[in-house]
Amino acid sequence: MPDLQFGDAQSLAMSLALLVPGALIVCIRSRFLTGRRRSHTEEALSYAIVTLFYFAATLPLFHAIYTSDAPWWQRWALWVALILVIPALIGLALGVAYQKGWIARCLKRFGIDVIHPIPTAWDWKFGQRNEHWLIIRLKDGTVFHGYYGMGSFASSDGERDIYLEQIFDRDELGTWVPLPQGMWVQVSEVSTIEFLPVSR
């Protein structure tokens with residue numbers, strides 16, 4: 001490939017580098033967090049700020065690739081890694097770290113308390129994706145018993161609702177008797193939800 005053509009591609013790569021890394025980091029991290037997601041227009045400032053931090057940390061690598069006399073395909077592979085692959089891995093690592101609470105625990109050791117990125121208790125609890133027995137009491141006093149597992153779902157945006165993959169009846173002895181169906185519940189009708197560990 002002629003140097004002129006690669007120079008054009010390299011200019012395009014430099015232009016993409018101004019926003020793409022931050023957008024990838026923020027978007028992939030958000031896949032691991034629940035709650036209302038802002039539009040890309042609302043997130044544009046976040047993309048730019050994250051990209052600035054990323055660019056500051058990787059500036060020597062950008063300079064080395066831009067001034068390298070390696071074959072064009074090697075430089076192109078390095079551009080792809082620097083603009084796409086590494087930011088995607090950073091977003092993945094941040095998402096997992098936030099979901100597992102590693103970052104909060106690490107900061108707490110240094111006496112630093114930060115505002116949690118998940119906006120509501122609903123999003124935080126169901127975003128953990130842990131299985132539970134649930135006792136759901138509606139505002140009219142009706143009580144449902146159910147199992148929330150990998151086949152269940154709780155919404156994280158818009159109007160809140162929850163789907164339980166299996167519900168249970170209670171016999172005279174208080175034993176949970178499984179029923180062959182699941183159940184959808186609109187949260188506006190819910191008064192309380194009690195979470196019981198599956199070990200019980």
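In this chain, residues are counted from 1 in sequence order. Note that the structure is predicted; figures quoted are calculated from it, not measured.
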Going from [atom1] on [X] to [atom2] on [Y], what distance comes out if it is rounded to the nearest 0.5 angstrom?
X	Y	atom1	atom2	result
Arg29	Leu24	CZ	CG	14.0 Å
Ile28	Leu89	CD1	CG	8.0 Å
Trp73	Trp76	CH2	CH2	15.0 Å
Ile49	Ile25	CD1	CD1	13.0 Å

Grab the two heavy atoms, one from [X] and one from [Y], that are nearest each other, plus how far apart they are.
X	Y	value
Ala81	Pro87	O-CD, 4.0 Å
Ala70	Ser68	N-OG, 3.0 Å
His132	Asn130	ND1-O, 3.2 Å
Leu196	Glu194	CD2-OE2, 3.5 Å

Requested in this report: Would you list the pairs meeting side chain to side chain donor-acceptor pair (under 3.5 Å) in which at least one residue belongs to residues 135-152, sequence neighbours left out?
Outcome: Arg129-Tyr148, Glu131-Tyr147, Asp140-Thr142, His145-Arg170, Ser152-Glu165
Requested in this report: For the pair Ile162 and Leu134, evaluate side chain to side chain contact (heavy atoms under 4.5 Å, CB included) and give the outcome as yes or no after the intermediate values.
Outcome: CA-CA 11 Å; Ile162 183 173; Leu134 297 186; 3.8 Å; yes
Check the hydrophobic clustering (I, L, V, M, F, W, Y; side-chain heavy atoms under 4.5 Å; chains of links allowed) and say if [X] and [Y] are grouped together.
X	Y	answer
Leu84	Ile86	yes
Tyr163	Val198	no
Leu78	Phe55	yes
Phe153	Trp133	no
Val26	Leu92	yes

Report task. Measure from the ring center of Phe195 to the ring center of Phe126 and say whether it is less than 6.0 Å. Result -> yes
Report task. Check whether any side-chain N or O of Thr175 sits under 3.5 Å from a backbone N or O of Asp171 as a donor-acceptor pair, and report yes or no. Result -> no
Would you be so kind as to tabulate the donor-acceptor pairs closer than 3.5 Å made by side chains of residues 177-191, with sequence neighbours excluded?
residue, atom, partner, partner atom, Å
Trp184, NE1, Asp161, OD2, 2.9
Gln186, NE2, Glu159, OE2, 2.0

Requested in this report: May I ask you to decide if the ring planes of Trp176 and Phe168 are parallel, tilted or perpendicular, using 30° and 60° as cut-offs?
Outcome: tilted
Query raised in the report: Hey, mind stepping through Ile136 and Leu164 against side chain to side chain contact (heavy atoms under 4.5 Å, CB included) and telling me if it holds?
Result: CA-CA 11 Å; Ile136 300 176; Leu164 298 177; 3.7 Å; yes
Requested in this report: Give a yes or no on this: more than 12 heavy atoms of other residues, nucleotides or ligands lie within 6.0 Å of atom CZ of Arg109.
Outcome: no
Report task. Under the side chain to side chain contact (heavy atoms under 4.5 Å, CB included) rule, what do Trp122 and Ile193 come out as? Steps first, then yes or no, please. Result -> CA-CA 10 Å; Trp122 173 275; Ile193 301 177; 3.7 Å; yes
Requested in this report: In sequence, state the C-alpha distance, the side-chain angles, and the governing distance for Phe144 and Leu138, and then conclude on side chain to side chain contact (heavy atoms under 4.5 Å, CB included).
Outcome: CA-CA 8 Å; Phe144 294 100; Leu138 303 184; 3.4 Å; yes
